[in-house]
Amino acid sequence: MVLLAIESSCDESAVALLEQYDSGVVSVRAELISSQIDTHRLYGGVVPEIASREHLKALPVLVKQVVQKADCQLSDLSAIAVTQGPGLKGCLLMGICFARGLAHARRVPLFGVHHIEGHILAPLLDNPDLQPPYLALVVSGGHTEIIQVDAIGSYRVLARTSDDAAGEAFDKSAHLLGFPYPGGAQLAALADTVTASRFKLPKVMREAPGFSFSGLKTAVSLLIKKQAGELEDPLIRAELAFAIQAAIVDALCFKLKKAIKETGIKTVALTGGVAANSFLRTMVSSLTDSLYAPHIVHCTDNAAMIGYTALAREHVGLSQGNGKAVFARLPVEQEMPQ
Ligand code: KG4
Ligand code: ZN
């Protein structure tokens, strides 16, 4: 089966062409991601209306390029998959309408895919030896969740954030340190230039079941205000970044450790944009010998994970690819946060 996948839930327009063989093995024949970060940086965050228009411009170009790169024709497609949600409504609508039109024109089935299911299955795409059950720590700019993956289509949310996501905590702190949007990766790079910090931040949400980063955000803001006169000092800046990164990673690892203990599942898969953080990877690897992550390009929003999810569901008989099902409730939505 040759499947074209489309992702447009936030500020990345992404298209991938995947092939699934009879054995069930999936290969990505070509993929492209067009990030809108430079456009949104001017405004300090994603502007939904602009993001939707950018998707409309990018998707037809990306589809053409990906099909060419994979040495295929549109007539070779056997199905199309598209992110159904959650995400920015206008952005999703662009991807869905585009995919629906293409599926209708090519007379092929259309699969609607849950974006978070895409993230939690992304580690399977790049690690053939990874098998459920595993715990997926989904950490991105929009999501922070620990999900128990028992099988394809069988998930249990063990913890989720009640306010900001881990990526937002990185980005908002980075903003306070004067980094341009999104800033998370730059804050992390600065933090990694030192190995300790004179600054201490509170350990947040120890007792509650989920994550919350709003208290930490206030503490970071107060700490940075207190150091306002010394923010030009490179060592002070680096140690502030170190303390912030350590506090966010500590909050994630504390709940992950608890989830490993409670479920007895020791295999962990990191996924989402923040999974690129090397300090997080190091700290999580101290909790388990069995740690997986997708390739960096599949940590952030991408279409290969959306295509992989559609194919994996199809392979186990869970898909709803009939060209009309794109707005239908997928079973996973009952388990997942919107
Ligand atoms: O998954 P993603 O590309 O988009 C969303 O769905 O949100 O994640 C983007 C988030 C941003 O908040 C970005 O600052 C953060 O991931 N991020 C990082 C790193 N690389 C990206 N945060 C911390 N350390 C990094 N190395
Ligand atoms: Zn995402």
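For ligands, and for the atoms within them, numbers begin at 1 and follow the listed sequence. Everything quoted here is computed from the prediction, not taken from an experiment.
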Of the listed options (Asp192, Asp171, Asn277, Val46), which comes nearest to atom 26 (N) of ligand 1 when hydrogens are ignored and any heavy atom counts? Asn277

Looking at Asp164 and Lys172, does any basic side-chain N land under 4.0 Å from a carboxylate oxygen? yes

Where is the tightest heavy-atom contact between Val194 and Ala238, given as atom of each residue plus distance? CG2-O, 3.6 Å

What I'd like to find out is whether the side chain of Phe98 reaches to under 4.5 Å of the side chain of Ile6, using heavy atoms alone. yes

Does Phe179 have Arg237 sitting over its ring (NZ/CZ under 6.0 Å from centre, angle to axis within 45°)? yes

So do Tyr21 and Met1 actually touch side chain to side chain, heavy atoms under 4.5 Å? no

In ligand 1, the atoms that come under 4.0 Å of a heavy atom of Ser140 are 1 (O), 5 (C), 6 (O), 7 (O), 8 (O)

Atoms in ligand 1 flagged as close to Ala188, the criterion being non-hydrogen separation under 4.0 Å: 24 (N)

Indicate whether the side chain of Gln148 and that of Thr263 have a donor and an acceptor atom separated by less than 3.5 Å. no

heavy-atom search around atom 15 (C) of ligand 1 in the protein gives Val274 CG2, 3.9 Å

Proximal ligand 1 atoms for Gly167, defined as those under 4.0 Å from one of its heavy atoms: 12 (O)

At their closest point, which heavy atom of Val139 faces which heavy atom of Ala166, and how far apart are they? CG1-CB, 4.0 Å

Nearest protein heavy atom with distance in Å, relative to atom 20 (N) of ligand 1: Gly273 O, 3.6 Å

Option with minimal heavy-atom separation from atom 7 (O) of ligand 1, where the choices are Ala122, Gly141, Ala185, Ala174: Gly141

Looking at ligand 1, would Gly142 count as a contact under a 4.0 Å heavy-atom criterion? yes

Measure from the Zn ion (ligand 2) to each N, O or S atom of His115 and report whether any distance is below 2.8 Å. yes

Backbone or side-chain N or O of Asp301 under 3.5 Å from ligand 1 N or O: yes

Answer with yes or no whether the side chains of Thr267 and Ser290 bring together a donor and an acceptor at under 3.5 Å. yes

ang(NE2 His119, the Zn ion (ligand 2), OD1 Asp301) rounded to 10° is 90°

